[in-house]
Protein chains: 2
Amino acid sequence: MSRRRVTIDDVAKLAGVSYQTVSRVINNKPYVSETTRQRVQEVIAETGYRPSPIARSLVTARTATIGLVVPDISNPYFSAIARGVEQVAYSKNYNVLLCNTGEDASRELEVLHALDERYVDGVIVCGLREEDALLQEALVHFRAAVLVNRRFADETIPAIVVDDVLGGYLATQHLLQMGHTAVGFIAGPTTSYSGAKRLQGYEKALTEAGLERQIDWVQHCPPTVVGGQLATQTLLANHPEITALFCYNDLVAVGALRDCAAVGRRVPQDMAIVGYDDIMLATLVSPPLTSCHVPRVEMGSQAVSMLLNCINNETDRCDEIVVTPELVVRASTMGVDTAVSVKQTAVLPNRAH
Amino acid sequence: MSRRRVTIDDVAKLAGVSYQTVSRVINNKPYVSETTRQRVQEVIAETGYRPSPIARSLVTARTATIGLVVPDISNPYFSAIARGVEQVAYSKNYNVLLCNTGEDASRELEVLHALDERYVDGVIVCGLREEDALLQEALVHFRAAVLVNRRFADETIPAIVVDDVLGGYLATQHLLQMGHTAVGFIAGPTTSYSGAKRLQGYEKALTEAGLERQIDWVQHCPPTVVGGQLATQTLLANHPEITALFCYNDLVAVGALRDCAAVGRRVPQDMAIVGYDDIMLATLVSPPLTSCHVPRVEMGSQAVSMLLNCINNETDRCDEIVVTPELVVRASTMGVDTAVSVKQTAVLPNRAH
DNA sequence: ATGAAAGCGCTAACAT
DNA sequence: ATGTTAGCGCTTTCAT
């Protein structure tokens, strides 16, 4: 398509200086006379010369690229995080290498290896499922790494996490305040770090209300609509006394909604439902879902900031950011006549092609 | 975090061979004795040596990385394409550099420049809004490029496009077959290439049915839920005679759904609605949306295949793939009692964290 | 079958 | 203020 690249040498020759001087100009280094700088810049403009990031990386041992590992980029939860990551990274002149693991734990390690220590300056990893030990072994090779939504037991790696205990607590407490006493929990995958935390919050709210936690009111499932639908079906078949459900995430909650619709239970009159994450979908189903809002884009942005701090060895290295979720109340728990938002629900932030 | 890297030289010394021989081994080149190969491989395993992709790129002028430019990765339409791209790229040992333009036309050029000619082997660009001339100027620098959902007038750049004329035709024809004669079109952005094609299909169906196209039954809007809601409100206020709506995409269709709910029009009894793309959301709203299915993941996969063909100068270079959309009929056009899927609706493919 | 030499395009000392 | 010399880690000729 195009012929030989213009190199720093070509520019130097055309400008009648050594290629060193050109290097100084493009890197804004001092000790170049204004006239020379001018001339060099003109030549650069004329030739359309652009320094090769590859050659540069070879000598600087920096790539200005960070890796982003997610289970599934088409999941709205992670695509929002990715957008936050991208925005900040781009504004700081970093590129983002995207990697999906396809929800496959062993792929996490493969991807991390493929992302090669020398090819990125750092990695941000979300929604990990693999074991601590293996992950730590894989992550230790990177100059810097930030975890999203998970902590290692020894807290060696900086992380940004949601206060999921609080989230689970708020969601459950809300249901209790609405007068429910039989509150089930559709709990997501057993391996989920966040799921375990939300369960703690759920238990805490029950305990505070003087209610005994019923072991079999908790039903695990894949974090999908279908997963939620089947789990709800099972749970309610065994425990028809349940009148409210706290769900692992909004997709699971939509599954619960579907099961209720299928068996003719009205929401919220016969069954109150709370989701988690507050993805766009939560506002679009009927009834709209009460959900625990998680600021995903911001989490992505903050993860990059943390990572760049580590990469550049900035002073105040903080190694944990805890994000606070907020309950957004909608019709799925309120009774249609009283449907209002406690929190100001943001004007729909959905974009499309 | 970790000390000095193991280089090809270290391996050579430890194995007692020249570093050239090591290079041969890692590249599976011939002319290495089996014993030497063994020994070198042992040392590689022991030291954990991995060749530097940067150094390699500098000499081969290949990066094994492709750029992917999308307007917004959190839009389900594009995240699905991204997943297709990622899958295939990864299987062929290519990395993907993700770039959002934030729906901003001028950012498209910036991003393309940032993606630098020498940093990626090729680019896949989706949902472009910028003018042909500027884009072509920016794209000509790359070794290879593939467009998704757009063609340049001169067809210089290979592309993968949906047959949107057909899609618009099928959607409209379906509505006409259901007995509607006043069919409006909520048309999305005026600058959208796909939108223009869908409009053609819409007109074609009307003409075939012997109906005159009413200029002001077409209402443009941003491709979002809110955009669709406002456009529907406007259109129906001016034309209460309209009983069916074809919508630019599913988000817009959901907006239409919302407006109908707000003013008490029942769907599909008082208003039939057809969306486009068939994103997961289409199956989750009530009533579920009839929509034109676009195989987005496959489009992403195919775009990579085309791109790698170009990069590697494979023989049969095809420069256009036209993907055929299929209408999936759901309750938003059928009347609740007859709600069935004409096409087998895939078991919900939604994944979550 | 193996090694030696050159060079990819650049930055970073060290001159001058 | 500018030029000279190395060398980043690798692949690619070209010898042997």
Side-chain angles (χ1 to χ4, degrees), chain A residues 2-41 43-44 47-65 93 116-121 141 143, chain B residues 2-41 43-44 47-65 93 116-121 141 143:
Chain A
S2 50
R3 54 223 161 349
R4 202 180 72 82
R5 312 253 73 100
V6 181
T7 74
I8 197 170
D9 244 341
D10 302 330
V11 176
K13 292 223 178 64
L14 287 171
V17 296
S18 82
Y19 72 177
Q20 189 38 235
T21 303
V22 178
S23 173
R24 289 200 181 94
V25 171
I26 58 186
N27 291 300
N28 282 311
K29 292 274 170 80
Y31 303 122
V32 184
S33 76
E34 201 41 50
T35 49
T36 315
R37 191 178 292 271
Q38 292 279 335
R39 191 148 32 90
V40 170
Q41 254 148 3
V43 175
I44 289 177
T47 55
Y49 164 74
R50 332 238 334 265
S52 156
I54 300 291
R56 211 171 231 181
S57 294
L58 188 57
V59 24
T60 59
R62 297 295 184 97
T63 59
T65 301
N93 292 311
D116 197 278
E117 313 101 75
R118 281 171 266 191
Y119 198 43
V120 293
D121 292 343
H141 295 297
R143 182 154 35 232
Chain B
S2 50
R3 50 212 170 352
R4 201 179 72 81
R5 312 255 73 100
V6 180
T7 74
I8 198 170
D9 243 339
D10 303 329
V11 175
K13 292 224 178 62
L14 286 170
V17 296
S18 82
Y19 72 10
Q20 188 37 233
T21 303
V22 178
S23 173
R24 287 198 182 94
V25 172
I26 58 185
N27 291 300
N28 283 311
K29 291 275 170 79
Y31 303 123
V32 185
S33 74
E34 200 42 47
T35 50
T36 315
R37 190 178 293 272
Q38 291 280 335
R39 189 149 33 89
V40 170
Q41 254 148 2
V43 175
I44 288 177
T47 55
Y49 165 74
R50 330 237 336 265
S52 156
I54 300 292
R56 210 171 231 181
S57 293
L58 188 56
V59 24
T60 60
R62 296 296 183 97
T63 60
T65 301
N93 293 311
D116 197 279
E117 313 100 74
R118 279 172 268 191
Y119 198 44
V120 292
D121 292 343
H141 296 298
R143 183 156 31 233

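Residue numbering restarts at 1 for every chain, and letters A, B, ... go by the order of the sequence lines.
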Partners meeting side chain to side chain donor-acceptor pair (under 3.5 Å) with R56(B) (sequence neighbours left out): N27(B)
Short side-chain N/O contact from K29(B) to OP1 or OP2 of dT12(D), under 4.0 Å: yes
Partners passing side chain to side chain donor-acceptor pair (under 3.5 Å) against T47(B) (at least two apart in sequence or in another chain): none
Test side chain to side chain contact (heavy atoms under 4.5 Å, CB included) applied to Q38(A) - qualifying residues, sequence neighbours left out: E34(A)
Please enumerate all protein N or O atoms sitting under 3.5 Å from an N or O of nucleotides 6-8 of chain D, with distances to 0.1 Å.
from	atom 1	to	atom 2	distance (Å)
dA6(D)	N6	Y19(A)	OH	3.1

Side-chain N,O (Y49(B)) to OP1/OP2 (dC10(D)) below 4.0 Å: yes
Atom-to-atom span, CG of N28(B) to C1' of dC10(D) - whole angstrom: 16 Å
S52(A) vs dG9(C): side-chain N/O to OP1/OP2 distance below 4.0 Å: no
Minimum-distance nucleotide (side-chain atoms of R56(A) versus dC10(C), dG3(D), dT2(D)): dC10(C)
N or O in side chain of T60(A) less than 4.0 angstrom from dC10(C) OP1/OP2: no
T21(A): side chain to side chain contact (heavy atoms under 4.5 Å, CB included) partners, not counting sequence neighbours: V17(A), S18(A), R24(A), V32(A), T36(A)
Of R24(A) and N27(B), the one whose closest DNA chain D nucleotide lies more 5': R24(A)
Whichever of V17(B) and V22(A) has its nearest DNA chain C nucleotide further upstream toward 5': V17(B)
Distance-only side-chain donor-acceptor flag, S52(B) / Y119(A), under 3.5 Å: no
Contacts of type side chain to side chain donor-acceptor pair (under 3.5 Å), residue T60(A), not counting sequence neighbours: none
Contact under 4.0 Å: S23(A) side-chain N or O vs dT11(C) OP1/OP2: yes
